[in-house]
Peer 1: 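If you scroll down you'll find the structure; I have some questions about it.
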There are 2 protein chains.
Amino acid sequence: MIDFDGPTPLYVQIADVIEARIRDGELLPDRPIPSENQMVQEFGVARGTARKALELLRARGLVVTVVGRGTFVARSAD
Amino acid sequence: MIDFDGPTPLYVQIADVIEARIRDGELLPDRPIPSENQMVQEFGVARGTARKALELLRARGLVVTVVGRGTFVARSAD
DNA sequence: GGACATTTGTGCGTATGTATT
DNA sequence: CAATACATACGCACAAATGTC
C-alpha cells in the first residue's frame, strides 16, 4: 500500500490514501479519520510522518483538526 | 537517580529503576507500583515518559496494568 | 442514584536531536 | 544546504474505568 523505496515521500503517499478513502465515501464528513497513532500502526511510519500527512490533508481542505479530540473529515469535503 | 543528560532515554532509565525495586523486593507481587502521576512527581518527567516506562515494564512481563486502578507487579515477577 | 477523586487511555501541539538522501 | 524520516520528550485536553462517599 505504501512504497517505502520509491521517490514519493511517505507523508504524501499516506495523505493520498486518506484522500482516496474520503473520495470513496469510506470516510464520511464529520466523522473521524484514523488518529496519528493509528496511522503509525497501519502504515508503519513515525508519528512525525503521520503528522505531516495530516498537515497536507488540512492544506487540501479535506480535514479539520480539533485539539485534544482528533481529526475529522471536513463537511465541505464530500 | 535519573541522568537527564546521558544517552540513555529517560523512559528506559525509569523502567530500570522500577525493575530494580521489584528485584529487590521493594515492590511486591500483586502490589501497586507508583502511578503515572507519582512517577511524574518523583522523577520529574512528563506523563508520556512515565507511560513509556510502564509500556517497557509490561513488555518485560514485570507488571500488569488495570484501567482505572493502576499498575501492579506481576505475580510471575518475584 | 449522584458527586467526586484517582488512574489509565487517547489524541493532538510542540520542540529537539540524529541520520539519511 | 534542504527535505525526509525517526526517536525522544514536554505539555494540554478530554474520555473511560474504577472506587469511595
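Bear in mind the structure is a predicted one, so any value in this text is a computation, not a measurement. Sequence lines set the chain letters: A, B, ... in the order given, protein chains first and strands last, and positions in each chain run from 1.
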Peer 1: Closer than 4.0 Å, any side-chain N/O of B/Thr49 to the OP1 or OP2 of D/dC10?
Peer 2: yes

Peer 1: Are the charged groups of B/Glu42 and B/Arg21 less than 4.0 angstrom apart, N to O?
Peer 2: yes

Peer 1: Nearest-Å distance, CG (B/Leu56) to P (D/dT8)?
Peer 2: 10 Å

Peer 1: Is the shortest side-chain N/O distance from A/Arg51 to OP1 or OP2 of C/dG13 below 4.0 Å?
Peer 2: yes

Peer 1: Provide, to the nearest angstrom, the distance between the CD atom belonging to B/Glu55 and the C1' atom belonging to D/dA7.
Peer 2: 13 Å

Peer 1: Which heavy atom of B/Ile33 sits nearest to which heavy atom of B/Val63, and what is that distance?
Peer 2: CD1-CG1, 4.1 Å

Peer 1: For the side chain of B/Val45, counting heavy atoms from C-beta on, which of D/dA17, C/dC12, D/dC10 is nearest?
Peer 2: D/dC10

Peer 1: Quick check on D/dT8: is either OP1 or OP2 less than 4.0 Å from any side-chain nitrogen or oxygen of B/Lys52?
Peer 2: yes

Peer 1: How close or far is atom C1' of D/dT4 from atom CG of A/Asp3, stated in whole angstroms?
Peer 2: 15 Å

Peer 1: For B/Val40 and A/Gly48, find the nucleotide of DNA chain D closest to each by heavy atoms; which residue's nucleotide sits nearer the 5' end?
Peer 2: A/Gly48

Peer 1: For B/Glu26, does its backbone N or O pair with a side-chain atom of B/Asp24 as donor and acceptor, under 3.5 Å?
Peer 2: no

Peer 1: Hey, is the side chain of A/Thr71 poking within less than 4.0 Å of OP1 or OP2 on C/dG11, counting only N and O atoms?
Peer 2: no

Peer 1: Measure from CD on B/Glu36 to P on D/dA9 and round the result to the nearest Å.
Peer 2: 16 Å

Peer 1: Can you tell me if the side-chain N/O atoms of A/Thr65 get under 4.0 Å from OP1 or OP2 in C/dC12?
Peer 2: no

Peer 1: In terms of side-chain heavy atoms of B/Arg47, which of C/dT14, C/dG11, C/dT8 is nearest?
Peer 2: C/dT8

Peer 1: Write down the distance between CD (A/Gln13) and C1' (D/dA5), rounded to a whole number of angstrom.
Peer 2: 13 Å

Peer 1: Can you see if the side chain of A/Tyr11 gets near the phosphate of D/dT4 - specifically, an N or O under 4.0 Å from OP1 or OP2?
Peer 2: yes

Peer 1: Counting the atoms with a prime plus P, OP1 and OP2 as sugar-phosphate, which does B/Leu10 contact under 4.0 Å by heavy atoms, base, sugar-phosphate, or nothing?
Peer 2: sugar-phosphate

Peer 1: Could you please name the option among D/dT18, D/dA5, C/dT8 that lies closest to any side-chain atom of B/Arg69?
Peer 2: D/dT18

Peer 1: Whether A/Glu19 and A/Arg23 form a salt bridge (side-chain N of Lys/Arg under 4.0 Å from carboxylate O of Asp/Glu) is what I want to check.
Peer 2: yes

Peer 1: Can you tell me how far P of D/dT4 sits from CD1 of A/Ile14, to the nearest Å?
Peer 2: 13 Å

Peer 1: Of all the heavy-atom pairs spanning A/Ile14 and A/Phe43, show the shortest one and how long it is.
Peer 2: CG2-CE1, 3.7 Å

Peer 1: Just the rounded figure in Å: distance from P of D/dT4 to CD1 of A/Ile2.
Peer 2: 15 Å

Peer 1: Please report the distance, rounded to the nearest Å, between CG in A/Leu54 and C1' in D/dA5.
Peer 2: 16 Å

